[in-house]
Amino acid sequence: MSSKDSDDKFLHLVKDTLKKDKQALVFVNTKQRAERTAEIIAESIKESNEHLEEVSAEIENVLARPTKQCKRLAKVVKKGVAFHHSGLMAKQREIVEDEFKKGNIKIICCTPTLAYGLNLPAFRVIIRDLKRYGYRGYAWIPTLEAQQMFGRAGRPEYDKEGEAICIANDEREAEEILERYINGEPEDIYSKLAVEPVFRTYLLSLISAGISRTEEDLVNFFSKTFWAYQFKDIGRIKFMIGGMLSKLKEWKFIEYKSESNSFTIAYDMDDGGIIKPTPLGRRVAELYLDPLTAHKILEGLETEKDKTEFSIINLCTNTLELRPYLRVKVREYDEIEERLIDFEDEILYDIPKPYDEEYDEFLNSFKTSLLFYDWINEFDEESLLEKYSVKPGELRAKLKILDWLLYSCHELAKLNGRKDLLNLINKTRLRVKYGVKEELLDLLRLKGIGRVKARKMFNNNIKTLSDVRRISEFELRKILGEKTAKNIKEQVTAKQRTKERL
DNA sequence: GGACGGTGAAACTTCAGGTTGCCTC
DNA sequence: GAAGTTTCACCGTCC
């Protein structure tokens with residue numbers, strides 16, 4: 001079958017679903033393809049309706065300035081078709097899901113996002129791509145995942161049955177699919193506890209919550225987990241616990257109270273007895289931070305170097321929590337390295353050498369910091385997305401994680417006696433939250449004012465809240481439109497009144 | 001002769017996703 | 001593996 005043929009057959013399948021007045025989920029292997037496929041389907045549909053037009057408008061205007069992606073989604077939604085992947089804004093995802101549940105959107109083209117978690121059943125599930133690029137190259141997706149997708153077919157409350165359809169490109173592929181996904185067994189599930197960062201975090205939180213007070217307690221606890229059941233080798237688990245404890249101690253997150261204890265420490269013979277969290281360690285556990293991340297942040301803050309907003313952002317970005325980083329593309333390599341020269345002095349940890357194995361990953365994290373840095377310097381969102389080839393939803397997701405890390409950074413600095421840095425960290429956090437230069441922070445205290453409107457006001461010489469108080473609502477309307485002008489005028493007078501009362 | 005622009009084929013790149021953590025400045 | 005993007009040779013046109 002040629003690809004044109006398979007396109008036609010696929011489109012026929014979709015049309016057939018619509019003719020039956022049913023809904024379908026279409027699974028594909030990339031975000032780009034989800035968008036393209038949705039467009040192809042939408043182009044073949046003529047009719048729209050008033051409700052869909054409204055939904056489309058709502059989707060388009062989720063951001064102050066609609067991005068290309070917003071417009072693309074809004075356009076297909078008019079035809080009752082949508083795409084769905086991690087790059088969408090949360091609000092848009094929510095709308096698409098709701099409208100699908102209500103039956104207004106008939107077809108969703110999506111990446112595997114929709115196979116998990118969310119309960120969005122459809123009469124028909126069409127799996128267009130069963131191969132995907134991953135760490136093993138272009139390969140078959142796991143059986144477990146395909147079956148997860150099949151499971152979306154059939155809505156208990158509406159249909160007696162559901163259909164899951166896989167698309168094969170030829171006879172041989174069809175056989176392979178049958179073998180692999182229909183007759184095949186799903187893969188075994190492995191415990192995630194064995195992964196170092198998870199293990200570290202758990203260990204510290206057990207100690208911090210007072211659940212485990214000795215190394216023996218810890219061994220007992222871990223030996224009852226699914227991990228131990230699978231792993232079987234208790235001796236090795238003991239060894240791993242011992243090793244990790246000495247790291248946590250070295251990082252000053254735990255301490256040993258030397259009391260008599262018959263239990264022998266498997267790893268660190270010098271210490272025995274009760275394990276207690278330090279105040280710092282307890283806070284790390286409360287913040288749900290990976291102890292290694294916390295340690296790296298603390299170490300960075302203690303360096304002699306002068307610290308800037310970039311330093312703080314970069315320090316928080318170079319952590320596990322913000323992975324996966326943006327990837328430095330082949331073409332960008334030189335440019336990113338050049339920018340590294342400009343920022344070298346603001347980086348608070350050792351930069352790997354170009355021949356080091358970690359160098360590429362370091363550059364990726366550096367590029368990710370640059371995205372954040374451009375964001376707080378008010379780069380226009382659309383060009384930022386273009387420049388870093390990142391989608392609006394991904395940018396928001398990353399910013400949210402960075403916000404949490406900056407808060408954590410603030411807490412760690414406070415506990416570690418670095419009051420001198422708190423101002424800088426706080427300011428950085430605010431700038432990241434709103435994506436603005438420092439000069440706009442005052443205006444952003446107003447509700448309904450984001451980076452775009454605040455910049456507009458500032459450029460019109462309204463720079464502070466007292467400027468807002470002074471200017472007439474009439475003048476303000478010219479800049480911000482009627483609704484916003486009225487709204488913020490009310491806010492400043494209300495603020496004034498509470499002040500007077502005090 | 002040389003600058004410029006259009007064209008298309010070849011070469012090169014890129015490619016899913018992820019729960020909650022905190023506090024409200 | 002497939003789709004999108006960039007590069008580059010080639011050709012025609014105009015000054």
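Naming: A, B, ... by sequence-line order, numbering from 1 per chain. This structure is a prediction, so every number in the text was calculated from the model and none was measured.
- The residue among A:Arg33 and A:Arg331 whose nearest nucleotide of DNA chain C is located toward the 5' end is A:Arg33.
- As rounded to whole Å, 13 Å separates atom P of B:dT14 from atom OH of A:Tyr333.
- A 3.5 Å limit on both hydrogen-bonding distances identifies no Watson-Crick or G-U partner for B:dA16.
- We find that A:Asp170 and A:Arg172 are not joined by a salt bridge, their nearest charged nitrogen and carboxylate oxygen being 4.0 Å or further apart.
- The existence of a salt bridge linking A:Arg283 and A:Glu411 is confirmed by a sub-4.0 Å separation between a basic side-chain nitrogen and an acidic carboxylate oxygen.
- For an aromatic pair to be called close, the ring centres must be under 6.0 Å apart, and A:Phe222 with A:Phe199 satisfies this.
- Looking at heavy atoms from C-beta onward, A:Glu176 lies in side-chain contact with A:Trp140 at the 4.5 angstrom threshold.
- Within residues 198-212 of chain A, no residue is approached by DNA chain B to less than 4.0 Å at the level of any non-hydrogen atom.
- Nucleic acid contact class of A:Glu411 (heavy atoms, under 4.0 Å, all strands): none.
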At under 4.0 Å between heavy atoms, which parts of nucleotides 18-25 of chain B does protein reach? Answer with one letter per nucleotide, 5' to 3': B base, S sugar-phosphate only, - none. B-BBBB-B
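- Qualifying side chain to side chain donor-acceptor pair (under 3.5 Å) partners for A:Lys489, counting only residues two or more places apart in sequence or in other chains: none.
- For the P atom pair drawn from B:dG18 and C:dA3, the interatomic distance equals 25 Å after rounding to whole Å.
- Checked against the 6.0 Å centroid criterion, the rings of A:Tyr190 and A:Trp227 do not qualify as a close aromatic pair.
- No engagement by A:His410 is indicated, since no non-hydrogen atom pair under 4.0 Å with the nucleic acid exists.
- Taking the six-membered ring for Trp and thresholds of 30 and 60 degrees, A:Trp251 and A:Phe253 have ring planes more than 60 degrees apart, a perpendicular arrangement.
- In this structure, CD of A:Gln32 is placed 9 Å from P of B:dA16, rounded to the nearest angstrom.
- A cation-pi contact, defined as under 6.0 Å to the ring centre and within 45° of the axis, is absent between A:Lys131 and A:Tyr138.
- Each of A:Arg36 and A:Thr30 lies near DNA chain C, and the nucleotide nearest A:Thr30 is the one positioned closer to the 5' end.
- The side-chain tip of A:Arg451 points at the ring of A:Trp375 from less than 6.0 angstrom away and within 45° of straight on.
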